[in-house]
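As structure tokens, the structure follows; a few thoughts come after it.
Just so it is clear, the model here is predicted, and its values are computed rather than measured. Letters go in sequence order (proteins before strands), and every chain restarts at 1.
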Number of protein chains: 2
Amino acid sequence: MSSKKRTTIYDIAEKLNIAPSSVSRALSNSPLVKEATKKLILKTAEELNYKINTIASNLRKGQSNTIGVIVPRINQNFFADVIAGIEEASYRQGYNLIICQSNESYEREVQCVNTLINQQVDCIVVSLSVETTDYKHLESVLDRNIELIQFDRVAENIETLKVLNDNHQASMEAVSHLIEQGYKRIALLEGPQNLNIFRKRKEGYLDALKNHGLPVIEELMLANAWTTELGAEATRKLLSLPQPPDAIFASTSDFAALGVLQVATEMNFKVPQQLGICGYSNENFTEITNPSVTTIDQHSVYMGKTIANLFLDELKNTDTSVAPKTVSIKPKLIIRNSTLKNGK
Amino acid sequence: MSSKKRTTIYDIAEKLNIAPSSVSRALSNSPLVKEATKKLILKTAEELNYKINTIASNLRKGQSNTIGVIVPRINQNFFADVIAGIEEASYRQGYNLIICQSNESYEREVQCVNTLINQQVDCIVVSLSVETTDYKHLESVLDRNIELIQFDRVAENIETLKVLNDNHQASMEAVSHLIEQGYKRIALLEGPQNLNIFRKRKEGYLDALKNHGLPVIEELMLANAWTTELGAEATRKLLSLPQPPDAIFASTSDFAALGVLQVATEMNFKVPQQLGICGYSNENFTEITNPSVTTIDQHSVYMGKTIANLFLDELKNTDTSVAPKTVSIKPKLIIRNSTLKNGK
DNA sequence: TAAAATTTGACAATCGATTGCATTTTTTAG
DNA sequence: CTAAAAAATGCAATCGATTGTCAAATTTTA
């Protein structure tokens with residue numbers, strides 16, 4: 001049978017004929033309690049199956065030992081990896097995670113922020129939804145002295161800790177690789193330009209072309225191609241042009257790259273000979289497709305760990321007010337068969 | 001600049017020269033407060049940028065409006081999907097999720113349970129780690145009157161709400177399909193048998209053979225092949241047998257199936273003509289491999305929603321003590337090219 | 001042996017919201 | 001206009017752990 005009430009420190013105190021304060025101190029191993037008493041209290045706590053009421057403790061201490069995380073979707077490899085990384089690193093330090101998904105909706109993202117504020121989380125970690133263009137909700141977090149860490153999809157002019165991939169650099173490397181392989185008409189599948197990551201990737205693309213003296217061809221840059229279906233659709237358009245591209249950089253995601261590959265196969269373009277394909281994210285399937293797809297690894301689990309450690313480190317230098325630091329993680333170009341026109 | 005202290009109901013009360021209790025009532029829209037006063041309070045709350053302190057509220061109310069989830073790994077498609085489903089369904093009802101990962105470690109799983117108990121979660125949702133063979137920690141949850149829901153990997157003799165896939169049925173269907181396609185020597189890659197799901201899948205395999213009058217061949221059943229690498233290794237063994245199998249059912253996961261496919265290609269076994277391959281889980285890459293891989297879809301997001309709704313429904317019929325119900329979700333066999341020896 | 005120093009433990013306030021009960025105010029009916 | 005009923009508001013205890021302050025007990029020192 002289950003007992004009606006949980007054991008509290010008062011129950012222990014009563015049983016031992018001692019003050020609750022002593023019980024509390026003993027349980028938190030304070031030096032103010034005699035060893036013998038401590039032992040006795042610990043033993044009794046065990047016997048009564050005592051478990052601390054974290055809520056009461058948090059209320060009194062004014063903090064929650066909790067980190068709130070807001071991502072567009074939990075079940076997307078990149079985000080799931082980052083969350084796993086955050087969890088891994090923060091768990092050891094006694095922090096818990098509350099997870100919310102914005103579902104790419106601005107309204108929902110604001111709601112998530114409010115919930116987390118109400119929950120008194122000590123830190124909010126967020127990657128913005130595609131809809132988000134207004135950042136009042138983020139400012140309200142800062143106003144409350146809650147640590148705010150943005151990652152991947154960030155609002156650049158909101159000053160907070162940020163953990164980013166160097167999207168510009170990665171994108172440049174990818175396109176340079178394509179150029180070096182001999183591709184000359186390289187198309188770009190873009191993501192929504194209100195997200196910084198997609199802007200950066202486009203800039204990287206443009207800079208790579210420029211650096212190699214290649215012209216920018218407007219008709220080869222297609223907006224909003226960030227799912228398998230949209231990627232496929234865009235590819236159909238591109239490959240039907242009088243002068244089709246000889247390579248496609250799906251800067252939005254590997255899912256888009258997958259759409260490209262499917263259409264290319266369907267339309268009998270040989271990959272990588274007639275068409276080079278490069279994706280973004282190193283989803284696990286890119287290794288397996290036929291041919292395997294060149295892509296960019298974001299070190300996502302590591303990114304999560306970095307985020308958690310950034311916060312945990314902040315905790316230590318208490319008084320010094322935090323300079324809004326940005327940590328940039330260099331993604332890694334993973335070269336596979338889909339872009340190896342020249343062989344290795 | 002950020003204000004030192006958060007606004008509380010006392011601040012609002014003081015400003016309006018009114019009792020805090022009235023403020024509390026107004027904010028929760030109690031009919032005991034006059035409309036005019038309510039309006040005024042709401043307006044002032046807004047002005048002072050008041051946000052409720054959920055911790056204080058929870059302490060007083062003795063519940064947390066929080067669901068705790070423990071999974072072996074967050075960043076595994078199946079679990080990420082289930083979590084997404086739980087989040088989706090519970091979010092609307094004002095519930096938050098605390099996520100923990102056991103990393104397939106028993107010790108860590110026990111820790112997670114304790115943390116969640118301390119956090120006063122209203123419900124714990126768990127899928128067991130591979131190491132777990134002792135269930136005291138689950139019993140201690142029940143002792144505390146915290147709702148416990150097991151899913152997928154469950155302890156069968158612990159009486160709780162359970163949400164399962166019908167692994168036996170799915171496995172039988174898969175193997176029957178192989179048999180009907182004309183495969184005769186069907187190998188089985190097994191998972192650790194202390195997990196119910198893997199036991200069920202093996203039983204399904206055995207029953208399918210039996211039903212079709214096929215013999216059970218010991219050397220075709222390999223234990224512990226549940227990663228890509230282990231699957232590959234097992235396949236190497238199988239295909240080197242004097243009489244190799246003509247099909248392999250990777251009952252553990254699609255990752256194992258992937259290992260099978262790689263080795264089969266490497267060893268020049270034609271799939272599906274010489275070797276049929278069936279996986280488990282419908283990971284997104286199974287659609288893309290060459291050939292695409294037959295597998296079993298677990299309706300994972302739906303499973304998450306089912307879990308959440310089960311809990312939320314329990315809340316409604318308050319007094320009736322809960323019969324330990326089991327919800328079984330029928331997985332779906334997804335037939336793809338890797339098993340189509342006969343064509344369609 | 002007395003005074004000083006140290007250790008131990010008790011008391012009570014506190015965190016912020018909630019809620020049963022008491023009190024005040026307003027409304028209604030006679 | 002008064003008494004009773006209804007509505008609105010206020011008071012104070014409560015949830016359980018923490019912690020500053022102080023008294024009591026113990027040990028050390030002179």
Side-chain angles (χ1 to χ4, degrees), chain A residues 3-42 44-45 48-66 94 117-122 144-145, chain B residues 3-42 44-45 48-66 94 117-122 144-145:
Chain A
S3 46
K4 305 248 154 53
K5 297 213 349 105
R6 305 170 52 111
T7 308
T8 70
I9 52 170
Y10 297 97
D11 301 326
I12 299 177
E14 195 173 18
K15 173 145 187 200
L16 295 179
N17 220 347
I18 222 178
S21 49
S22 297
V23 177
S24 171
R25 290 201 174 91
L27 291 171
S28 59
N29 201 23
S30 152
L32 294 180
V33 182
K34 203 185 355 181
E35 274 309 319
T37 324
K38 231 184 247 182
K39 282 242 175 63
L40 184 62
I41 291 175
L42 252 40
T44 314
L48 297 181
N49 198 10
Y50 170 80
K51 291 257 161 66
I52 189 175
N53 184 329
T54 312
I55 294 191
S57 170
N58 287 344
L59 174 60
R60 174 60 223 244
K61 294 201 284 195
Q63 51 147 40
S64 66
N65 266 254
T66 297
I117 291 177
N118 295 350
Q119 287 281 347
Q120 321 282 113
V121 297
D122 301 332
R144 281 161 196 282
N145 274 338
Chain B
S3 46
K4 306 245 154 50
K5 298 210 351 99
R6 303 170 53 113
T7 308
T8 70
I9 53 170
Y10 298 96
D11 300 326
I12 299 176
E14 195 173 17
K15 174 144 185 202
L16 295 179
N17 221 344
I18 223 178
S21 49
S22 295
V23 176
S24 171
R25 290 197 180 96
L27 292 171
S28 59
N29 200 21
S30 153
L32 292 180
V33 182
K34 210 192 336 185
E35 273 311 319
T37 325
K38 230 184 247 181
K39 283 242 175 62
L40 185 61
I41 292 175
L42 253 41
T44 313
L48 298 181
N49 198 11
Y50 169 81
K51 291 259 162 65
I52 190 174
N53 183 328
T54 311
I55 295 190
S57 169
N58 287 345
L59 174 60
R60 174 60 223 245
K61 294 201 284 194
Q63 52 147 41
S64 67
N65 266 253
T66 297
I117 291 177
N118 294 350
Q119 286 282 346
Q120 322 280 115
V121 297
D122 301 332
R144 281 162 196 283
N145 274 338

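- If you take CG of B:L27 and P of D:dT9, they are 14 Å apart, rounded to a whole angstrom.
- A:N17 has its CG atom 8 Å from the P atom of C:dA10, to the nearest Å.
- Comparing C:dA17, D:dT9, D:dT18 against the side chain of B:I52 picks out C:dA17 as the nearest.
- Contact annotation: side chain of A:R60 to base of C:dG16, donor-acceptor pair absent below 3.5 Å.
- Comparing A:T54 and B:P20 by the nucleotide of DNA chain D that holds the closest heavy atom to each, the one mapping nearer the 5' end is B:P20.
- Atom NZ of A:K61 and atom P of C:dG16 are 16 Å apart (whole Å).
- One N or O on the side chain of B:T7 and one on the backbone of B:L48 form a donor-acceptor pair closer than 3.5 Å.
- From B:L59, atom CG reaches atom OG1 of A:T54 across 11.5 Å, with rounding to the nearest 0.5 Å.
- Residue B:S21 is in base contact, counting any heavy-atom pair closer than 4.0 Å across all strands shown.
- Counting to the nearest Å, the P atom of C:dT8 and the NZ atom of A:K39 are 13 Å from each other.
- At distances below 3.5 Å, not a single donor-acceptor pair connects side-chain atoms of B:S24 with backbone N or O atoms of B:P20.
- With rounding to whole Å, B:L16 atom CG is found 18 Å from D:dA8 atom P.
- If you check every strand for non-hydrogen atoms under 4.0 Å, A:S28 touches nothing.
- Using a distance-only test at 3.5 Å, with no hydrogens or angles considered, no donor-acceptor pair links the side chain of B:T66 to the main chain of B:V121.
- Looking at heavy-atom distances under 4.0 Å, A:T8 makes contact with sugar-phosphate atoms alone, never a base.
- Nucleic acid contact class of A:S24 (heavy atoms, under 4.0 Å, all strands): base.
- At whole-Å resolution of the value, CG in A:L32 and P in D:dA17 are 19 Å apart.
- Look at CZ on A:R6: it is 8 Å from P on D:dG16, rounded to the nearest Å.
- Here the nucleotide nearest the side chain of B:Y10, chosen from D:dT18, C:dG16, D:dT9, is C:dG16.
- When heavy atoms are screened at a 4.0 angstrom cut-off, B:I18 is found touching the sugar-phosphate backbone but no base atom.
- As judged by a 4.0 angstrom heavy-atom cut-off over every strand, A:V33 is placed among residues touching the sugar-phosphate backbone only.
- The residue A:I55 sits apart from the nucleic acid: no heavy atom pair falls under 4.0 Å.
- Listed nucleotides: D:dG10, D:dA8, D:dA17. Nearest to the side chain of B:A19: D:dG10.
- The CG atom of B:L59 sits 12 Å away from the P atom of D:dT18 (whole-angstrom rounding).
- Side-chain atoms of B:R144 and A:N49 include a donor-acceptor pair closer than 3.5 Å.
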